[in-house]
Amino acid sequence: MKRVFLLTVLLCCAVFIYSHENASYILSDNCFSYLIDLDHHETKELKKNEKITCITSFIDAFEDNNTIIGPFFYNKANYYLVPVHALTPVDSVNVLPEHIITISNNGITKKVIPAYFLEILKTKDIQTLAKYETFFSKSADYRSAVGADNTLLSQMFTDDLFSSSYSFAWGYTVISNAGIKLSNSDTIYFKNIIKQSESMYDCEGIAVKAYEEWNPEENFWNTRVENTTQGKVETFTITIDGDYIRIDNKTRGTHITTVVSVDDATLTELSNVFSSNNCDLSKVSWPHHADGTCELIK
């Protein structure tokens, strides 16, 4: 597993560290950080209210004593991995509402996926994915890439993927007070959180694309963000609408994506669509908007 962990780290290094951006955070809780080393496993205790400067680099997870933990940022000072769930921007007087935070010290605690996945579920047709993701419009290419019976897609919402090198196929969106990592691995790092209302927050920070033009074969998913110019800060708006969360780039005036919270039974049926083009919709709990409506139930 150490080899897999190193591979995950190297993939993330190649994608993110080029930006050389830093962000400062305050620890909101006591926690442990982890040293990157193949030969031994070393932890370091960090105390609440300690200030940490991190490189804008997002590490999904790794295995510690047979338990999947993460996600993490790099501590700039010594390259320890610092758990994202314990970080809050040092300059922020606000935090995001607890009910939309998707991670804790136990890892992923709330399952949030791209909202358009619900259309795939309702149509019971994997080809619906091609409407939203360019790679999957090329059937021969994607079939050979994802494996027989869409293995990577059908296992996207399980821990099985962490035993492979395909960490970029992980399907959940991570939402924290430190930033957002979309399911396609595009990431927004927060430097300040400004509460506009109970359902709307402006987050100042930087966006980093997951995949650049030099590595198109590794990218199953369309890019949703543009890189923030080095040394600059942009504002990203988070709008909460019941089970749905809309993410926009306020500075550019562009919509990034909409994600939605779902339960495990819904994820199981979505995985069934990916593997067999069929599912049992009677087991699905369709998400609702804040006004109680659900356009998917018809």
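In what follows, every heavy atom counts, from backbone to side chain, and hydrogens, waters and symmetry copies are set aside. In this text, all values refer to a predicted model and were calculated from it rather than measured experimentally.
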Review point. Can a salt bridge be assigned to the pair E133 and R224 using a cut-off of 4.0 Å between side-chain N and carboxylate O?
Key: yes
* To do: Check for a donor-acceptor pair, side chain of N249 on one end and backbone N or O of R252 on the other, with a separation under 3.5 Å.
  => yes
In short, I126 meets I120 closest at the heavy-atom pair CA-CG2, 4.5 Å
Test side-chain contact (heavy atoms from CB on, under 4.5 Å) applied to C54 and Y25, step by step
CA-CA 8 Å; C54 294; Y25 299 96; 4.1 Å; yes
dist S28:OG -> K48:NZ (nearest 0.5 Å) comes out at 7.5 Å
**Request:** Answer whether the closest heavy-atom distance between the side chains of T187 and I180 falls below 4.5 Å.
**Result:** no
Check your understanding: Would you say the side-chain atoms of T239 pair up with the backbone N or O of M200, donor to acceptor, closer than 3.5 Å?
Key -> no
CG of N192 to OH of Y201, rounded to nearest 0.5 Å, is 13.5 Å
Is any side-chain heavy atom of F117 closer than 4.5 Å to a side-chain heavy atom of V273? no
For this session: Report yes or no: do F190 and V233 belong to one cluster of Ile/Leu/Val/Met/Phe/Trp/Tyr joined by side chain heavy-atom distances under 4.5 Å?
Result: no
Side chain to side chain contact (heavy atoms under 4.5 Å, CB included) filter on S271, not counting sequence neighbours, yields F157
message: Quick check against the 3.5 Å criterion: does T102 have a side-chain atom that pairs as donor or acceptor with the backbone of I175?
response: yes
>> Applying a strict under-4.5 Å side-chain criterion to I, L, V, M, F, W and Y, I'd like to know whether V262 and L296 cluster together.
In response: yes
* Would you mind reporting whether S24 and D91 have side-chain heavy atoms less than 4.5 Å apart? => no
Between W221 and F136 (judged by ring centroids, cut-off 6.0 Å), do the two rings come close enough to count as a pair? yes
Before you tell me yes or no, could you show the steps for T257 and L182 under side-chain contact (heavy atoms from CB on, under 4.5 Å), namely the whole-Å CA-CA distance, both residues' side-chain angles and the distance that decides it to 0.1 Å? CA-CA 9 Å; T257 191; L182 302 179; 3.8 Å; yes
Review point. Is there a donor-acceptor pair closer than 3.5 Å between any side-chain N or O of T251 and the backbone N or O of T235?
Key: yes
Does D186 use its side chain to pair, donor to acceptor, with the backbone of K209 at less than 3.5 Å?
no
Quick check: do V82 and L46 have side-chain heavy atoms less than 4.5 Å from each other? yes
inquiry  = Is it true that E234 and T228 share a donor-acceptor pair across their side chains at a distance under 3.5 Å?
reply    = yes
Worksheet entry | Side chain proximity check, H289 to E295, heavy atoms < 4.5 angstrom | yes
Rounded to the nearest 0.5 Å, the CG atom of L96 sits from the CD1 atom of I101 at a distance of 5.0 Å
Between C31 and A86 the two heavy atoms that sit nearest each other are SG-CB, 4.1 Å
*Using the rule that two of Ile, Leu, Val, Met, Phe, Trp, Tyr join whenever any of their side-chain heavy atoms come within less than 4.5 Å, decide whether V95 and I52 are in one cluster.*
no
Does either side chain, that of S282 or that of D280, offer a donor lying less than 3.5 Å from an acceptor on the other one?
yes
Rounded to the nearest 0.5 Å, the CD atom of E98 sits from the OG atom of S104 at a distance of 9.0 Å
### Query
Checking N150 side chain against F274 main chain: does a donor-acceptor pair fall under 3.5 Å?
yes
Nearest heavy-atom contact between P83 and F32 is CD-O, 3.4 Å
(Q) Counting only heavy atoms from other residues, nucleotides and ligands, does the tally under 6.0 Å from CD of E50 exceed 12? (A) yes
For D202 and T237, test the side chains for any donor-to-acceptor distance below 3.5 angstrom and give the result as yes or no.
yes
Closest non-hydrogen contact found for D241 with A290 is OD1-N, 2.8 Å
Can you check whether I193's main-chain N or O pairs, donor with acceptor, with S92's side chain at less than 3.5 Å? yes
task = Could you go through the side-chain contact (heavy atoms from CB on, under 4.5 Å) check for L121 and V284 one step at a time?
result = CA-CA 9 Å; L121 184 59; V284 173; 3.8 Å; yes
Excluding I26, membership of its hydrophobic cluster (Ile, Leu, Val, Met, Phe, Trp, Tyr; side-chain heavy atoms within less than 4.5 Å) reads V90
Self-check item: T229 side-chain N/O to K232 backbone N/O, donor-acceptor pair under 3.5 Å
Solution: no
Exactly one candidate in D263, D243, D264 meets salt bridge (charged side-chain N to carboxylate O under 4.0 Å, His left out) with K111; the answer is D264
- Ignoring hydrogens and angles, state whether a donor on the side chain of T123 or T128 is under 3.5 Å from an acceptor on the partner side chain. yes
Is any side-chain N of the basic residue among D248 and R246 closer than 4.0 Å to the acidic one's carboxylate O?
yes
Hydrogens and angles aside, do N278 and S276 bring a side-chain donor and acceptor to less than 3.5 Å of each other? no
Can you get from I194 to I240 by hopping between Ile, Leu, Val, Met, Phe, Trp and Tyr side chains that sit under 4.5 Å apart?
no
Spell out, as yes or no, whether a donor-acceptor pair under 3.5 Å connects the side chain of T223 to the backbone of V225.
-> no
In short, T173 meets S183 closest at the heavy-atom pair OG1-N, 3.5 Å
For V260 and A115 the tightest heavy-atom approach is CG1-CA, 3.8 Å
With a 4.5 Å limit on heavy-atom distance, are the side chains of V208 and Y189 in contact? yes
One should read off an interatomic distance between D125 CG and E119 CD, to the nearest 0.5 angstrom, of 10.0 Å
For H85 and S176, run side-chain contact (heavy atoms from CB on, under 4.5 Å): C-alpha distance rounded to whole Å, both residues' side-chain angles, the deciding distance at 0.1 Å, then the answer. CA-CA 6 Å; H85 79 271; S176 73; over 6 Å; no
Is it true that the side chains of N222 and T134 contain a donor and an acceptor less than 3.5 Å apart? yes
Here the gap from E269 atom CD to K122 atom NZ, rounded to the nearest 0.5 Å, amounts to 16.0 Å
- Message: Are the side chains of S33 and L81 in contact, using a 4.5 Å heavy-atom criterion?
- Response: no
